[in-house]
There are 2 protein chains.
Amino acid sequence: MGKTTSVKTIDRLVAVLDCFSSERPAWSLTELSQQLGLPKSTLHRFLTALESHGVLRCDPRDRRWRLGYRLLIWGNLAAESSGLRHVARPIMEELVATTRETAILTVYYQQEVVCIEKVETNHPVRMTLHVGTRRPPHAGASSKVLMAYLPEEEVRAIIQDKGLPRLCVNTITDPDRLWEELARIREQGYAESHEETDLGAWGVATPIFDRGGEVIAAIGVAGPRSRYTEQRAQEFVALCRQAARRISALIGAEPSTLGRESDEFPWKEVIARVP
Amino acid sequence: MGKTTSVKTIDRLVAVLDCFSSERPAWSLTELSQQLGLPKSTLHRFLTALESHGVLRCDPRDRRWRLGYRLLIWGNLAAESSGLRHVARPIMEELVATTRETAILTVYYQQEVVCIEKVETNHPVRMTLHVGTRRPPHAGASSKVLMAYLPEEEVRAIIQDKGLPRLCVNTITDPDRLWEELARIREQGYAESHEETDLGAWGVATPIFDRGGEVIAAIGVAGPRSRYTEQRAQEFVALCRQAARRISALIGAEPSTLGRESDEFPWKEVIARVP
DNA sequence: AGAGGTGTTCCATTATTTGGAACTTGTTCC
DNA sequence: GGAACAAGTTCCAAATAATGGAACACCTCT
C-alpha cells in the first residue's frame, strides 16, 4: 500500500475525503476526528483549508462537513479527459438504440469496478448506474468480466481483502464457484449476470482490449428481468462484442480516423491506457 | 483569497489540479513545473503521491498526467450529497416531462456558475450541459439569475476580475447593460437568454430561495431556438417559478414530507445551505 | 446558571516537505 | 551506432510547515 514516494499530507487528504460515502455523506468535526484518530485542532485546520478551496463545505446550520463543488468540477473534468470514454460514447449510444437497454462502460481500479460512462435507454423501467459509481468486482456482468482478466494474484487479493459479500440473491459468494465462473468467462469471452447485484436486473458484458491485448475496460448492457429472454441475451452478447471490437479498433487507430481531438497531442489522448 | 487558516500542501494540491481543464487535460512533468514555477523534483514527488491514490494518472505511453478515477468517484459522491439536488431531481423530471426541454439546476460558486444537476429531454435535438460544468456568470439565463441576486460588490468583483467576455452573438459585454439586465431580472423574477452562451440556444431560469430568503440556486429550462415561441417562453417561466417554489418549500419542509433520507440526520441533510 | 458538549485559537516542538544537484532513461540527429 | 540532449527520477541536508496539547469560546439542554 504505502509507496516509497509519499506525501503525508496527501495521504491524509485522501483519508479524509474517503470518509465520505453515500451512506455517510456528512461528518461533524468530532466524528471525523474519532474516525481518523486525529486531534481536532489538526483536523479543523485541514478541513478549513479544504473548505477555502471548495473541496469541502461546512453547512453553517448543522456544522457538518460535506464534499464540495470543486470535486464536482474535477470529477467532471476527469470524466471528460478519459479518451476511452470519448471514443466509446457514440458506440454506446448505438448500442442503446439497438438494444433499448442501458449501456455502461466500466474499468477496474484498486479492487473495485468504476463506471466511467453510461448511456441510459429512455424506457421508463430501466437500469441506472451513475458515472463514478463503484461496485465490488465479483458481482454483475461487467464486474466479472473485468475480474476474469485480472492477474490471478490480484483476484486472490480481492477475495482475501474484501471477501465475496452477498449483494443480491444470486451473488457468487463461494471462491471456488467464482474461480470456475471466471474461467468460463475467459473461455466464452463474455459474462452474464442475473440478479447478482440488484433485484430484478440482468445484464451481459464483454471485455475491451487495447493494442497490447490487455483488457482495459468492459462494455455491458443491463436491463430489468421483465424484458429478459434467452434470445435477447445472445443478441446482446453479439452486440457488446461488436461494440467492444469497434472501440478496441478505434483505440489503436490512426489519428485521422478519430476526428477532433486536442491539437497538441492528437491521438495519444485516445490511447491513454487505463491504469 | 488567502485565508488565515491554510495548509500549504493543500493550496499546492488545488493549484496542481486546477491546471487541468477541458482545453488542457494532459500535462507533462516539465510543463507543469514551468506552469506552477515549482522544481521538478518537488512536483514529481507530489504527482507520484497523487497517482498512488488514483487522484491523477500518468499514462505510461506519453508520460503525461491526467485527472484520475478517484476524482470521478468523489465528484459523484459530491453530487449525491447535495441535499438540494435530491430534492430538486423529481421536480426537474416533471419539468422536463411538461416542457419537453432540458432542465438544469445551478449554483453560484467563486465567480462561476456550476451545474449541479440536469435532466435531459429525450428530444434528439436538445440542450446538453453536464453536471460539474462551469460557466461564466454573465451569460445565460441561469447564470444571470444567480448573478442578479449576488451582493453588488461581488458583481463588481466579477466584472473587474473576469470581465464580460463575448461567448456568443448576444452575450452582454457592456457593464452598464449588464447592471440594467440584473435589475430587470430582480424586478420580474426570472431571466431569459437568447444565444448568449451557445448559438441556436435559448432558455429561461428562476431563482430558488432558502428559508432565509437567500438565493441558493437557480432552476432553468433550455432548448434549441427552433422550438422557441414567445408563448412557450412565458409558460416555461411560470413552470420554472412553480418548480422553484416547490423546491424552496421542500427545503424548508418538515422531515416527514421528505421521504427517505439518512437515518442519522434526517432533514438537516436536505436543508444543507449551498455555500 | 451550570454542565457537557462542540468548535476554535495559540504556540513551542518536531517531523515533513523542500529543492539543488547528481543520476538514469529514452529519444533524436549526425 | 553513438553522442548529445531532453525528460524524468532519486538523494539528502536544510528549513519550513504541519502538529497537537492545552486553554478558550460558544452553544444547547436541563
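In what follows, chains carry the letters A, B, and so on, assigned in the order in which the sequence lines appear, proteins first and then strands, with residues in each chain numbered from 1. This is a predicted model, so every value here is computed, not measured. Only heavy atoms go into these numbers, but all of them, side chains included; no hydrogens, no water, no symmetry mates.
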Nearest 0.5 Å please: distance from the [atom1] atom of [X] over to the [atom2] atom of [Y].
X	Y	atom1	atom2	result
A:C19	A:R24	SG	CZ	9.0 Å
B:I208	B:E214	CD1	CD	14.5 Å
B:S28	B:E31	OG	CD	3.5 Å
B:E112	B:Q110	CD	CD	8.5 Å

Whole angstroms only, please: what is the [atom1]-[atom2] distance between [X] and [N]?
X	N	atom1	atom2	answer
B:L38	C:dT17	CG	C1'	12 Å
A:L32	C:dG7	CG	P	10 Å
B:E31	D:dA6	CD	C1'	13 Å
B:D62	C:dG26	CG	P	15 Å
A:D59	C:dG7	CG	P	12 Å
A:F46	C:dT16	CZ	P	13 Å
A:L47	C:dT9	CG	P	13 Å
B:L43	C:dG20	CG	C1'	15 Å

For a quick test of reading the model: is some side-chain N or O of [X] closer than 4.0 Å to OP1 or OP2 of [N]?
X	N	result
B:T42	C:dT18	no
B:R63	C:dG26	no
B:T48	D:dT9	no
B:H44	D:dG8	no
B:K40	D:dG8	no

**Prompt:** Do B:I91 and B:L250 have side chains that get closer than 4.5 Å, going by heavy atoms?
**Reply:** yes

**Distance-only donor-acceptor test, B:R45 side-chain atoms vs C:dG19 base atoms, 3.5 Å** = yes

**Message:** Whether the side chain of A:S41 and the base of D:dG21 hold a donor-acceptor pair under 3.5 Å is what I'd like checked.
**Reply:** yes

**Complete:** The answer to which of A:T9 and A:L29 contacts DNA chain C further toward the 5' end, by nearest nucleotide, is A:L29

**Asked** With nearest nucleotides of DNA chain C determined for A:T30 and A:I10 from heavy-atom distances, which residue corresponds to the more 5′ nucleotide?
**Response** A:T30

